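Just so you know, these numbers come straight off a predicted model, no measurement behind them.
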Amino acid sequence: MFTIFSLLFLQTSLFTPVTTGPVVTNGGDSRSVNWFDFDRDSDLDLFISNGKKDGENNFFYLNNGDGTFTAIDTLAINKDGSPSVGATAGDFNNDGFPDLFVSTWYGLKNYLYLNDQGKRFIEVSESPVMKDLSYAETGSFGDYDRDGWLDLFVTISAGNTRNFLYRNDGSGKFTKLAQTGFLNHRFSSRTADFVDINSDTYPDIFVTNEYGQAENLYLGSAAGSFSSAAPTSISGLAGNTTSASWEDLDNDGDFDLILTNYGNEKNHLLFNKGNLQFEKSGFTPWSSDVSNSFSSATGDVDNDGDLDVLITNAFSASGGKLVNFFYLNDGSGQFSDASHLLPADSGWVYGASFADYDGDGHLDLALAACFGESENNRLYRNNGNGNNWIQFDLEGVKSNRSGIGAILHIYSSSNGKMLHQTRRMSGQSGYGSQTLRIHAGLGTSEVADSVVILWASGIRQKLENVPSNQLYPVKEDTLAAVSVKEEPVTPNLFKLHGSYPNPFNPAATITYSISEPLKTGKLEFTIFDITGKQVDSFSPPETSPGTYKLTLQSAGWSSGHYLVRLSDGLRSDSILITLVK
């Protein structure tokens with residue numbers, strides 16, 4: 001629902017192309033777009049990788065804090081001379097400064113760089129991350145075992161097409177996991193992301209594949225292991241898939257999925273219906289636009305309280321230039337084609353990412369261009385409007401310092417309408433793209449009523465009455481009321497398998513199983529609201545080995561997220577459910 005102001009505003013372009021400065025006057029065969037605060041001065045710096053076959057140095061631009069950039073070409077990340085492809089930034093040694101991984105194609109080594117206190121990058125040549133020669137597409141940082149240290153997943157698209165997973169040993173050093181189990185799968189994988197898809201608080205891994213191969217979903221667990229579980233609503237779409245974005249596009253509290261495809265295929269928007277069920281949008285523009293797409297980027301460009309979508313296009317069969325797609329969200333996940341609101345230019349674009357680089361609260365846009373292996377990259381400045389906004393920089397304590405894996409639930413009201421927005425800090429979104437800062441539009445609201453942060457550690461932290469139009473640094477509160485991180489269940493005597501439907505109203509069916517007789521002989525369900533307050537508890541009727549279902553009634557509960565915990569007094573298992581009234 002747009003305000004009258006927004007309707008007038010949308011008659012003109014949302015963005016103005018930046019035509020001067022190093023970002024838009026450097027050309028190359030560019031691939032990734034990564035926004036992160038290299039020197040911790042509270043503004044976002046910009047890294048763009050270049051993938052020319054014969055090798056090409058990458059671009060790095062230091063934000064001057066006044067809306068301009070300085071090109072830096074003296075850092076290690078500028079001097080690899082390799083065909084670089086994807087990249088991911090994250091503080092893997094937990095010293096407070098974001099580090100960087102850059103993937104390389106053509107059977108060459110990848111690169112891992114340590115940020116030395118915002119002064120330089122140091123190539124970590126002794127790391128196993130740099131020992132593997134491969135056709136690597138992208139990488140993504142994420143804490144799959146929830147130990148507070150960032151691990152690294154790398155996708156491989158040619159040659160020996162088994163993907164890599166490197167575990168952080170707790171000191172910033174990586175160990176390559178054996179390529180068995182799900183790491184023995186052979187697909188032409190393009191991108192990957194760590195994201196909690198089934199809301200059990202454990203990071204899952206989603207991988208996109210090309211050449212008609214189905215996408216892979218690997219569900220994480222308390223033991224740090226993964227199991228394949230891609231539903232047919234996703235795996236049945238197999239195509240030339242290049243990238244994915246997991247974001248809450250319909251403001252219902254869970255993450256929906258955008259898949260981009262090349263080869264004159266359609267892209268897909270899939271709404272998360274809970275319990276690993278997804279429904280493909282059959283509405284335009286998703287059902288009508290056909291092109292060669294490589295990345296998706298999401299951001300609330302008009303600050304009205306919902307996420308809009310950019311789709312980049314490149315490598316047309318005819319060799320001709322292409323324009324990108326831009327879709328505006330109406331707040332319910334329905335989109336209208338608003339490509340005319342982008343500056344009128346064309347070419348080939350790989351990665352793209354929104355970020356507020358000039359600090360005015362309105363999301364700007366950087367595009368990594370590659371037409372003719374020499375096209376200048378693009379930077380668009382958001383023209384802004386009168387809507388309010390809020391931004392967060394996260395610092396983990398028990399979680400990784402970058403806050404990657406954290407999920408924010410932002411509650412406010414605009415024009416008399418309640419808004420519940422969900423954002424997450426990710427190691428990758430779209431193709432080789434990332435912004436290490438959380439942004440949300442608030443529309444007419446001058447305050448966020450509450451912001452609930454679900455940290456990667458399991459800690460839940462609540463901020464109340466947060467004024468708009470500010471950037472907030474938030475440090476993880478290790479004394480927060482409720483943590484959902486429990487001791488691993490060894491052996492796994494019982495398990496919560498999920499809730500259906502999710503979101504629900506008024507009742508949800510909870511499925512749980514017991515594998516062998518319980519040592520204590522008893523079980524108890526406990527329900528907590530988003531603040532950590534207990535709202536219900538009861539003992540289930542069945543405690544013998546078997547699989548059972550019970551109905552959970554929500555009488556007297558308010559709309560929102562709830563933690564369902566099953567415990568035998570020695571250990572527990574938890575899931576998140578959402579009530580929508």
Where the side chain of [X] meets the backbone of [Y], is there a donor-acceptor pair that is under 3.5 Å apart?
X: Asn313; Y: Leu322; value: no
X: Glu476; Y: Trp455; value: no
X: Gln434; Y: Ala89; value: yes
X: Ser316; Y: Gly320; value: yes
X: Asp99; Y: Asn115; value: yes

Flag the pair [X] / [Y] as yes when at least one side-chain heavy-atom distance between them is below 4.5 Å, and no otherwise.
X: Thr104; Y: Pro83; result: yes
X: Tyr113; Y: Val102; result: yes
X: Arg146; Y: Thr201; result: yes
X: Arg31; Y: Asp29; result: yes
X: Ser235; Y: Glu215; result: no
X: Leu379; Y: Leu365; result: no
X: Gln421; Y: Asp248; result: no
X: Val124; Y: Phe174; result: no

Smallest separation among heavy atoms of [X] and [Y], with atom names:
X: Asn163; Y: Val154; result: CB-O, 3.3 Å
X: Val301; Y: Leu14; result: CG2-CD1, 4.0 Å
X: Leu259; Y: Asn261; result: O-ND2, 3.8 Å
X: Asp147; Y: Asn168; result: OD2-O, 3.8 Å
X: Asp73; Y: Lys79; result: O-NZ, 3.4 Å
X: Asn267; Y: Ser293; result: ND2-OG, 3.0 Å

Pair [X] + [Y]: basic N to acidic O under 4.0 Å:
X: Asp43; Y: Arg437; result: no
X: Arg401; Y: Asp95; result: no
X: Arg378; Y: Glu375; result: yes

Hydrogens and angles aside, do [X] and [Y] bring a side-chain donor and acceptor to less than 3.5 Å of each other?
X: Asp66; Y: Thr68; value: yes
X: Asn209; Y: Asn216; value: yes
X: Thr191; Y: Thr138; value: no
X: Ser30; Y: Tyr350; value: no
X: His362; Y: Asn303; value: yes
X: Thr312; Y: Trp348; value: no
X: Ser457; Y: Ser399; value: yes

Nearest 0.5 Å, what's the CZ-OG1 distance between Arg120 and Thr74?
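Between atom CZ of Arg120 and atom OG1 of Thr74 there are 11.5 Å.
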
Between CG of Asn329 and CG of Asp306, what distance do you get to the nearest 0.5 Å?
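With rounding to 0.5 Å, CG (Asn329) is 4.0 Å from CG (Asp306).
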
Go through it in stages, so that I can follow the logic: the residues are Tyr144 and Phe153, the test is ring-ring contact (aromatic ring centres under 6.0 Å, His included), and I'd like the CA-CA distance, side-chain angles, deciding distance and then a yes or no.
CA-CA 10 Å; Tyr144 81 87; Phe153 191 89; 9.6 Å; no

Report yes if the distance between the aromatic ring centroids of Tyr211 and Phe187 is under 6.0 Å, otherwise no.
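Between Phe187 and Tyr211, which both carry aromatic rings, the centre distance is not below 6.0 Å.
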
Could you check whether Phe294 and Tyr431 have their ring centres less than 6.0 Å apart?
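Tyr431 vs Phe294: aromatic centres not under 6.0 Å.
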
Start with the C-alpha distance between Lys109 and Asp132, add both sets of side-chain angles, then the distance that settles salt bridge (Lys or Arg N to Asp or Glu O under 4.0 Å), and finish with yes or no.
CA-CA 6 Å; Lys109 67 179 179 182; Asp132 290 310; over 6 Å; no

So among Asn58, Asn110, Asn50, which one has a side chain to side chain donor-acceptor pair (under 3.5 Å) with Asp80?
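Testing Asp80 for a side chain to side chain donor-acceptor pair (under 3.5 Å) against Asn58, Asn110, Asn50 leaves exactly one candidate, Asn58.
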
Classify the ring geometry between [X] and [Y] as parallel (under 30°), tilted (30 to 60°) or perpendicular (over 60°).
X: Phe92; Y: Phe141; result: tilted
X: Tyr218; Y: His185; result: tilted
X: Tyr327; Y: Phe325; result: parallel

Applying side-chain contact (heavy atoms from CB on, under 4.5 Å), can you list everything that pairs with Arg381, at least two apart in sequence or on another chain?
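Partners of Arg381 by the side-chain contact (heavy atoms from CB on, under 4.5 Å) criterion, ordered by chain and then number, come out as Val18, Tyr357, Asp358, Asp360, Asp364.
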
Set out, in order, the CA-CA distance, both residues' side-chain angles and the distance that settles ring-ring contact (aromatic ring centres under 6.0 Å, His included) for Trp246 and Phe206, then state yes or no.
CA-CA 9 Å; Trp246 287 92; Phe206 185 78; 5.2 Å; yes

With salt bridge (Lys or Arg N to Asp or Glu O under 4.0 Å) as the test, would you mind laying out the steps for Lys266 and Asp289 before giving the verdict?
CA-CA 6 Å; Lys266 295 177 182 178; Asp289 282 343; over 6 Å; no

From CA spacing to verdict: salt bridge (Lys or Arg N to Asp or Glu O under 4.0 Å), Asp393, Lys475:
CA-CA 9 Å; Asp393 283 338; Lys475 190 172 184 177; over 6 Å; no

